[in-house]
Amino acid sequence: MRLLIDCDPGIDDALAILLALGADLPVEAITTVAGNVIVEQSTSNALTVLDIAGRLDIPVHEGARSPLFGSLPETSSSHGIDGLGGRGAMPLRTGASTTSAVDALLQASGKSAEPVTIAAIGPLTNIAQAVLADPEFASRIEHLVIMGGAIGAGNVTPAAEFNFWHDPHAADVILRAGFARVDIVGLDVTGQVFLDAETRERIRYRGTRASEFVYEMTRDYFDAYWHSHGVVGAEMCDPLVIAHLLDDQVLTFADAFVEVETTGESVGRSNVWPVARYAGKEANARVAVGVDTAAFFRIFLEAVFPDGGRVSSPSSAGRDERPSPGSDPTTRLRAAL
Ligand code: RIB
Ligand code: CA
C-alpha cells in the first residue's frame, strides 16, 4: 500500500495523522484542503503534526482554498481558532512542497504499479479536482476511504455532515467517478467513538511529545463537544478511517448506492440506499454501519502512545458514561437499513 492522506487539520485530522505514523502506515504524502480552517492553516497544521511525529520527511502539498463551486462557507469550528486547539501557532507553512495537492495526487497515482490508497478526511475538493483533471485518475486508485456523510442526522445541519456539506459538489463528483473501492465512514459510527476525559488524562501521563501535544490540543475539542452536544468527550471521526485501514474488523459495512444533495435546505446530505433493501440500486460504495469501539481505542492508544500498560484499558477507554449523541445507533442503523 502507498497511503496519501487528504485532510483539513483539524484536531481529529491531527490525531489521524499521528495514528497513521504511529502504526507505521506507509504515508507517502499529505495533501491539504480548506475545511476546518483556511487551507494555509491546514498546511501549517499538517507540518506541525509531522514535526511532532518527527516526520517532516513526508511532503505536504497545499490544495484547494475553496469548494469546487462558490466561496468558503461560513462555519464555527470545534477545532480552535488555529485548527489545533491553540497548538497550531507555528507558521510552518514554508515547509510545504511547491507541488500542488492535485498535481501530487495525479503524479502519485501514475507513478508506480504499487496500489494507492487515499484516506480522505476533509472536504473532497482536491480529489474531485483530480477526477475532473484526469478521467483515468479514479481507475488508478485502489482504495478510497472517506470520512464523511451519515445515514442518520448530520452535524453541521440536521441533514448534512461537515465534509460533505463544505463541498457537496466534490462529494457528488467522487461518488459518480467510478472508484473501484470506496468505503465511507460516517457519523453513524464515529458517533460511537468518543475519547473520554479519563483516557485523555491517562494520555497526559505518557510523558511523550505526542502525548503532551494531544492532551493540550484536545482541550478545545472537549469544550466544543460540551457546548454543542452536552457530552464530556470528543468524537474521533478521522482517526476511525485510519483504524479501518489498520484493522478491517473495526468497522462493519453495508453495500449501498450513495448520492449527495447539492442544492436546497438539505445540501450536503448523503442519501444512502443499501442495495440489500433497494434491489434496483447499484452500489457505488460501502457505508460503515457498525464499529468495535474497544478495538479502535486498543489500536489508537497502542500506536500513538506505545509502551503497553499504563494507558487505560480499551474496554473503558472511549466509553463516555453519558449517552453519546448516537447512543445505541447500531440497532437503530440496522433497523434503518
Ligand atoms: O464531520 C467531521 C469531519 O469534519 C471531520 O473530518 C472533521 O475534521 C471535520 O473536517
Ligand atoms: Ca477532517
Side-chain angles (χ1 to χ4, degrees), residues 4-20 30-39 41-43 45-46 48-49 60 63-64 66-67 72-80 82-85 87-88 101 118-127 144-168 170-171 174 183-195 214 217-218 220-222 224-225 228-229 233-244 260 267-270 287-288 291 324-326 329:
L4 306 175
I5 300 178
D6 187 72
C7 57
D8 62 333
I11 293 170
D12 61 328
D13 304 70
L15 295 173
I17 294 168
L18 289 175
L19 173 55
I30 289 179
T31 50
T32 62
V33 66
N36 290 316
V37 288
I38 60 171
V39 70
Q41 186 74 58
S42 283
T43 303
N45 291 348
T48 295
V49 178
V60 175
S66 59
L72 266 181
E74 287 292 316
T75 175
S76 62
S77 168
S78 49
H79 301 264
D82 61 6
L84 292 184
R87 296 303 303 263
I118 297 177
I121 55 177
L124 294 163
T125 317
N126 291 335
I127 302 166
L144 172 62
V145 190
I146 297 169
M147 192 282 131
I151 295 169
N155 58 359
V156 71
T157 73
E161 174 279 327
F162 179 80
N163 288 335
F164 283 14
W165 171 84
H166 190 275
D167 195 341
I174 298 290
D183 288 342
I184 298 178
V185 181
L187 299 177
D188 319 285
V189 290
T190 63
Q192 299 177 60
V193 186
F194 269 65
L195 176 67
V214 168
M217 180 179 66
T218 48
D220 277 17
Y221 209 25
F222 269 57
Y225 272 92
S228 62
H229 290 66
E235 195 168 353
M236 303 291 266
C237 296
D238 296 338
L240 196 48
V241 164
I242 303 300
H244 169 51
V260 176
V267 62
R269 173 171 171 72
S270 47
V287 176
V291 56
S324 71

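In each ligand, atom 1 is the first atom listed, and ligand 1 is the first ligand listed.
Atom 6 (O) of ligand 1 has Asp238 OD1, 2.7 Å as its closest protein atom, hydrogens excluded (heavy atom only). When only non-hydrogen protein atoms are considered, atom 8 (O) of ligand 1 lies nearest to Asp12 OD1, 2.6 Å. Here the heavy atom of the protein found nearest to atom 9 (C) of ligand 1 is Asn36 OD1, 3.3 Å.
In Asp238, the N, O or S atom that comes nearest to the Ca ion (ligand 2) is OD2. The N, O or S atom of Asp8 with the smallest distance to the Ca ion (ligand 2) is OD1.
Looking at Met236, His166, Glu161, it is Glu161 that brings a heavy atom closest to atom 3 (C) of ligand 1.
Of the heavy atoms in Asn155, only side-chain atoms (C-beta onward) come closer than 4.0 Å to ligand 1. Under 4.0 angstrom from ligand 1, there are no non-hydrogen atoms of Thr190. Within the 4.0 Å heavy-atom criterion, the part of Asp8 lying near ligand 1 is the side chain and not the backbone.
Look at Gly35 and the Ca ion (ligand 2): no N/O/S atom of the residue is under 3.0 Å from the metal. Using a cut-off of 3.0 Å, one finds that Asp13 contributes an N/O/S atom close to the Ca ion (ligand 2).
Contact of the Cys7 side chain with the Ile17 side chain is registered, since non-hydrogen atoms from C-beta on lie closer than 4.5 Å. The side-chain heavy atoms of Asp12 and His79, taken from C-beta on, include a pair separated by under 4.5 Å. Taking the side chain as every heavy atom from C-beta outward, Leu195 and Phe222 approach each other to under 4.5 Å. Between Leu15 and Met217, some side-chain heavy-atom pair lies under the 4.5 Å cut-off. Side-chain contact between Asp13 and Asp8 is present, with heavy atoms from C-beta onward closer than 4.5 Å. Looking at Leu240 and Met236, their side chains never come closer than 4.5 Å, going by heavy atoms from C-beta outward.
Ring pair Tyr221/Tyr225 is perpendicular by interplanar angle, where above 60° counts as perpendicular and below 30° as parallel.
Close contacts between ligand 1 and Asp13 involve ligand atoms 8 (O) [criterion: under 4.0 Å to a heavy atom]. Atoms of ligand 1 found under 4.0 Å from any heavy atom of Met147, numbered from 1 in the order shown, are 2 (C), 3 (C), 5 (C), 6 (O). Shown in contact with Phe162 at under 4.0 Å from a heavy atom are these atoms of ligand 1, numbered in order with element: 1 (O), 4 (O), 9 (C), 10 (O). Every atom of ligand 1 with a heavy atom of Asn163 under 4.0 Å away is listed here by number and element: 3 (C), 4 (O), 5 (C), 6 (O), 9 (C), 10 (O).
A side chain to side chain contact (heavy atoms under 4.5 Å, CB included) with Asn126 holds for exactly one of Ile118, Val39, Val33; it is Val33.
No donor-acceptor pair under 3.5 Å is formed between the side chain of Glu161 and the backbone N or O of Ser270. Not a single donor-acceptor pair under 3.5 Å links the side chain of Asp183 to the backbone N or O of Val145.
The shortest N or O to N or O distance between Ile121 and ligand 1 is below 3.5 Å.
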